[in-house]
Novice: 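Let me begin by handing over the structure; questions about it come next.
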Amino acid sequence: MIYLNGKFMPIEEAFIPVLDRGFIFGDGVYEVIPVYSRKPFRLTEHLMRLQHSLDGIRLKNPFSNEEWRNILEQVITNNDGEDQYIYLHITRGVAKRDHAFPANVPPTVFIMSNPLLQPSEELLKNGASAVTANDNRWVRCDVKAISLLPNILLRQLAVDVQALETILIRNGFLTEGSASNIFIVKNKMLLAPPKSNLMLPGITYDVVLELAAANQIPHEIREIYETEIRIADEILLTSSTKEIMPITLLDNKPVGDGKPGEFFRQLHALYQEYKTTHMRGHTTARLTS
Ligand code: PDD
């Protein structure tokens, strides 16, 4: 059952007019929120990021956080599975085609939920492969915009060679993946690129850094040179749907010894433990003060 503009219905019955600005211009923003044991994970943070994206495209938030919570609770209840991922999408509504914002048009709000599957044992044991590419996206990558054409084209470069992800480089520095954030490990130090307009501030990225801080895992947030990615001991990928994954092959060359490393193992275990805490209901638990 999906949610469309105030109503719940089977997805087959959901339609939007062809003049929706999401369809015509890609004029909208979205969120992907993981749900564990029927509880949305880090919901406050996802709603804050949604607000940031809406502000970025100058679209008024149609709901208060309390209203979002209620709607999302109904979406979760109306769908099967303890673990789900919610896709939430807001566009600037339906109007005659004109680049300028339409006046007094209600936004289109669409929400669906799908089962959240854990990464396969095989992937966690052996790691995944990635390729690198030039980050040719716009310069507001901090806005989670539905217009994902550059991300799609970049991701397809990986798919074309049976790799999982494309790691993006802008002006010689690591930004992120086409649909994930990227960390590297070098000299027993976890390195993360700093948040900026050139990457999406990942919710999983934040959790990983909080786990590192709370568990005395050496880490540093700083610009990462492309050359450093190529000599990294480990590369880690994070996202709401993939959690934490090891990248063990980059542009067809092994990363470190070609196997998932110690930092991955430790952070993956801590992440699973943290999820369990969340599932027990301590949704407001924070790892750092
Ligand atoms: N994408 N960077 C980009 C470009 C992303 O699209 C995503 C997530 C992330 C990771 O953010 P988070 O940890 O909050 O999921 C980083 C989602 C999952 C998607 O588009 O399906």
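In what follows, residues are counted from 1 in the order of the sequence shown. For ligands, and for the atoms within them, numbers begin at 1 and follow the listed sequence. The basis for the numbers below is simple: all heavy atoms, side chains too, and nothing from hydrogens, waters or symmetry mates.
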Novice: Geometry only, no angles: is I203 polar-contacting ligand 1 at N/O separations under 3.5 Å?
Specialist: yes

Novice: Does only the side chain of M199 get under 4.0 Å from ligand 1, or the backbone, or both, or neither? Count heavy atoms.
Specialist: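 It is neither part, as no heavy atom is under 4.0 Å.
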
Novice: Which residue and atom name correspond to the protein heavy atom nearest atom 18 (C) of ligand 1, and how close is it?
Specialist: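 For atom 18 (C) of ligand 1, the nearest protein heavy atom is T241 OG1, 3.9 Å.
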
Novice: Side chains of T44 and R69 only: does a donor on one sit below 3.5 Å from an acceptor on the other?
Specialist: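 Yes - a donor-acceptor pair under 3.5 Å links their side chains.
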
Novice: With a heavy-atom distance limit of 4.0 Å, tell me whether N181 approaches ligand 1 through its side chain, its backbone, both, or neither.
Specialist: both

Novice: At less than 4.0 angstrom from any non-hydrogen atom of R49, what atoms of ligand 1 do you find?
Specialist: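 Contacts of ligand 1 toward R49, numbered from 1: 11 (O), 12 (P), 14 (O).
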
Novice: Which bit of S178 gets closer than 4.0 Å to ligand 1, counting heavy atoms only: side chain, backbone, both or neither?
Specialist: backbone

Novice: Is T238 close to ligand 1, meaning an N/O of one under 3.5 Å from an N/O of the other?
Specialist: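 The answer is no, given that T238 and ligand 1 share no N or O pair closer than 3.5 Å.
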
Novice: Walk me through whether D206 and R42 qualify under salt bridge (charged side-chain N to carboxylate O under 4.0 Å, His left out).
Specialist: CA-CA 10 Å; D206 281 342; R42 294 247 160 166; 5.6 Å; no

Novice: Y205 versus ligand 1: do any nitrogen or oxygen atoms come within less than 3.5 Å of each other?
Specialist: no

Novice: Mark up the atoms of ligand 1 that fall under 4.0 Å of a heavy atom belonging to E176, in ascending order.
Specialist: 2 (N), 3 (C), 4 (C), 16 (C)

Novice: Quick one: nearest non-hydrogen protein atom to atom 21 (O) of ligand 1, plus distance?
Specialist: V32 CG2, 3.7 Å

Novice: Is atom CG of N171 surrounded by more than 12 heavy atoms (other residues, nucleotides or ligands) closer than 6.0 Å?
Specialist: no

Novice: Among all residues two or more places apart in sequence or in another chain, which pass the ring pair (Phe, Tyr, Trp, His ring centres under 6.0 Å) test with F264?
Specialist: H268

Novice: I'd like to know if the side chain of S37 pairs up with that of R280 as donor and acceptor (distance under 3.5 Å, no hydrogens or angles considered).
Specialist: no

Novice: Check this for me - ligand 1, H46, N or O atoms closer than 3.5 angstrom, yes or no?
Specialist: no

Novice: Less than 6.0 angstrom separating the ring centers of Y3 and F110, yes or no?
Specialist: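 No, the ring of Y3 stays outside the 6.0 Å limit from the ring of F110, centre to centre.
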
Novice: Under a 4.0 angstrom heavy-atom cut-off, which atoms of ligand 1 come close to S240?
Specialist: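 Every atom of ligand 1 under 4.0 Å from some heavy atom of S240: 12 (P), 13 (O), 14 (O), 15 (O).
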
Novice: Which of the atoms in ligand 1, numbered in the order shown and given with their element, are less than 4.0 Å from a heavy-atom of G202?
Specialist: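 Contacts of ligand 1 toward G202, numbered from 1: 11 (O), 12 (P), 13 (O), 14 (O).
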
Novice: Around atom 1 (N) of ligand 1, find the nearest protein heavy atom and jot down its residue, atom name and distance.
Specialist: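 Checked against all protein heavy atoms, atom 1 (N) of ligand 1 sits closest to K144 NZ, 3.2 Å.
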
Novice: Does the side chain of I2 come within less than 4.5 Å of M9's, by heavy atoms?
Specialist: yes

Novice: Which of the atoms in ligand 1, numbered in the order shown and given with their element, are less than 4.0 Å from a heavy-atom of S180?
Specialist: 2 (N), 3 (C), 5 (C), 7 (C), 9 (C), 16 (C)

Novice: Students should be able to answer this: which protein heavy-atom is nearest to atom 6 (O) of ligand 1, and at what distance?
Specialist: A179 CA, 3.4 Å

Novice: Could you see which bit of Y30 sits under 4.0 Å from ligand 1, with heavy atoms only: side chain, backbone, both or neither?
Specialist: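 Looking at Y30 and ligand 1, just side chain atoms fall under 4.0 Å.
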
Novice: So does P106 get a backbone contact from the side chain of R92, meaning a donor-acceptor N/O pair under 3.5 Å?
Specialist: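 No, R92 side chain to P106 backbone: no donor-acceptor pair under 3.5 Å.
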
Novice: Go through the steps to decide whether D20 and T91 satisfy the test side-chain hydrogen bond (donor to acceptor under 3.5 Å, both in side chains), and finish with yes or no.
Specialist: CA-CA 8 Å; D20 192 284; T91 80; 2.7 Å; yes

Novice: Who are the ring pair (Phe, Tyr, Trp, His ring centres under 6.0 Å) partners of F173, not counting sequence neighbours?
Specialist: Y225

Novice: Evaluate side-chain hydrogen bond (donor to acceptor under 3.5 Å, both in side chains) for D135 paired with T175, printing each intermediate quantity in order.
Specialist: CA-CA 8 Å; D135 190 345; T175 51; 2.7 Å; yes

Novice: Students should be able to answer this: which protein heavy-atom is nearest to atom 13 (O) of ligand 1, and at what distance?
Specialist: T204 OG1, 2.5 Å

